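Below is one structure, written out as structure tokens, with a few remarks after it.
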Number of protein chains: 2
Amino acid sequence: MPSHKWRKRFRGSGSRWTAPREAILNLLSKTSKHMSAKEIYQALLRIYPGIGLTTVYRTLDLLEKMGFLNKIPLGSGENKYELITESDQTHHHHLICTQCGKIIDYTDFVDEELELIKKTEKSLKQRHRFQITDHNIEFYGVCEQCQKRR
Amino acid sequence: MPSHKWRKRFRGSGSRWTAPREAILNLLSKTSKHMSAKEIYQALLRIYPGIGLTTVYRTLDLLEKMGFLNKIPLGSGENKYELITESDQTHHHHLICTQCGKIIDYTDFVDEELELIKKTEKSLKQRHRFQITDHNIEFYGVCEQCQKRR
DNA sequence: AATGATATTGATAATCATTTTCAATAACAT
DNA sequence: ATGTTATTGAAAATGATTATCAATATCATT
Ligand SMILES: [Mn+2]
Ligand SMILES: [Mn+2]
Ligand SMILES: [Zn+2]
Ligand SMILES: [Zn+2]
């Protein structure tokens, strides 16, 4: 468990290093999946009985604010979370199954994409006086398994 | 009120032409805003007292399925709706204020965008065996008014 | 124009994800 | 070891949307 790399980043922020926070970070670092609060809660129940769903929500909020993870709205009102890895494929977008909610990362044409994004952002900033902070690109469809299911 | 152009499109679909449906279509055709169910409900109350919020939701669902309007998830769990105009700027994307939820249409670089989209879609389709049905591009930021507000 | 089958409506209650409240507990600077 | 206060978990509250259901309106057919 090389899980203490996050610990230091809690220092000085006024936030404390607690068992739920460690558990959630460990879980998310072990999976490549994009998980919802409830999924995270249920997965944790096995290794951490007694953890509260409320705590999961609060922790996810905190971790997002600290820049540890991304929150991905599913349109159904449900959100999914993924750890931000400081390693390789940091910038990526998503392919979302509209049937089961599965999310797949992709990095196709990121360079061209970024160029276009940059241009558009600049244009929008000037014309609408928006302070642009982020963008989102995603594709929707039906995954292989859900295609077979009917 | 040239509002009877939709009427015929209800024929044969088994759906009936009703007052709430006409009211909602009229309202949305008069505005360029992207409105939530509640906003639509409240706007209608003045001209159509007694209309139910439930009916608004149901009608919006129906109209979306019939291809009359787009549903835009806000990430906060709230959705906004816009009429699809058969006229000019059909294909566009959105600039969304994260403070007040205001949505602004933009059509910058749509040609380049569509080219990139097409390429990416093809690539994703092959590699992940997804049946891709749609895409979404949006920018987030803070609108001019919300910048002033603090 | 009257009839009848059934699509639609609106009030109410139910869901579902997320947030708020609050008293009990745990983390950590001293 | 101690005290301050951030954090936790249970329970209730919220906000958007959906399900139920009896009453009503639409519209094809007399
Ligand atoms: Mn991802
Ligand atoms: Mn629009
Ligand atoms: Zn799927
Ligand atoms: Zn705004």
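As the structure is a prediction and not an experimental result, all values here were calculated from the model. A, B, ... follow the sequence lines: proteins, then strands. Residue 1 opens every chain.
In this structure, A:H91 and A:H135 have tilted ring planes: the angle between them lies in the 30° to 60° band.
Atom-to-atom, CZ of B:F10 to C1' of C:dT6 comes out at 17 Å; the value is rounded to the nearest Å. At whole-Å resolution of the value, CD in A:E64 and C1' in C:dT19 are 15 Å apart. Look at CD1 on B:I24: it is 13 Å from P on C:dT8, rounded to the nearest Å. In this structure, A:I40 atom CD1 and C:dT18 atom C1' are separated by 14 Å, rounded to whole Å. Atom CZ in A:R21 sits roughly 13 Å away from atom C1' in C:dC28 (whole-Å rounding). A:L62 has its CG atom 16 Å from the C1' atom of C:dT19, to the nearest Å. Separating the CE atom of B:M66 from the C1' atom of C:dA7 is a distance of 13 Å, rounded to the nearest angstrom. To the nearest angstrom, P of C:dT9 lies 15 Å from CG of B:L45.
A:E82 and A:K71 are not joined by a salt bridge, as no carboxylate oxygen comes within less than 4.0 angstrom of a charged side-chain nitrogen.
Geometric assessment of B:K119 against the ring of A:F109 yields a positive cation-pi assignment under the 6.0 Å and 45° thresholds.
Looking at B:Y41 and B:E39, their side chains never come closer than 4.5 Å, going by heavy atoms from C-beta outward.
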Reading nucleotides 9-19 of chain D from the 5' end, what letters show protein touch, with B for base, S for backbone sugar-phosphate only, - for no heavy atom under 4.0 Å?
BBB----SBBB
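Heavy atoms of other residues, nucleotides or ligands lying less than 6.0 angstrom from NZ of B:K102 number more than 12. Other residues, nucleotides and ligands contribute only 12 or fewer heavy atoms inside 6.0 Å of the CZ atom of A:R129.
Residue B:R16 has no polar side-chain atom (N or O) positioned under 4.0 Å from OP1 or OP2 of C:dT6.
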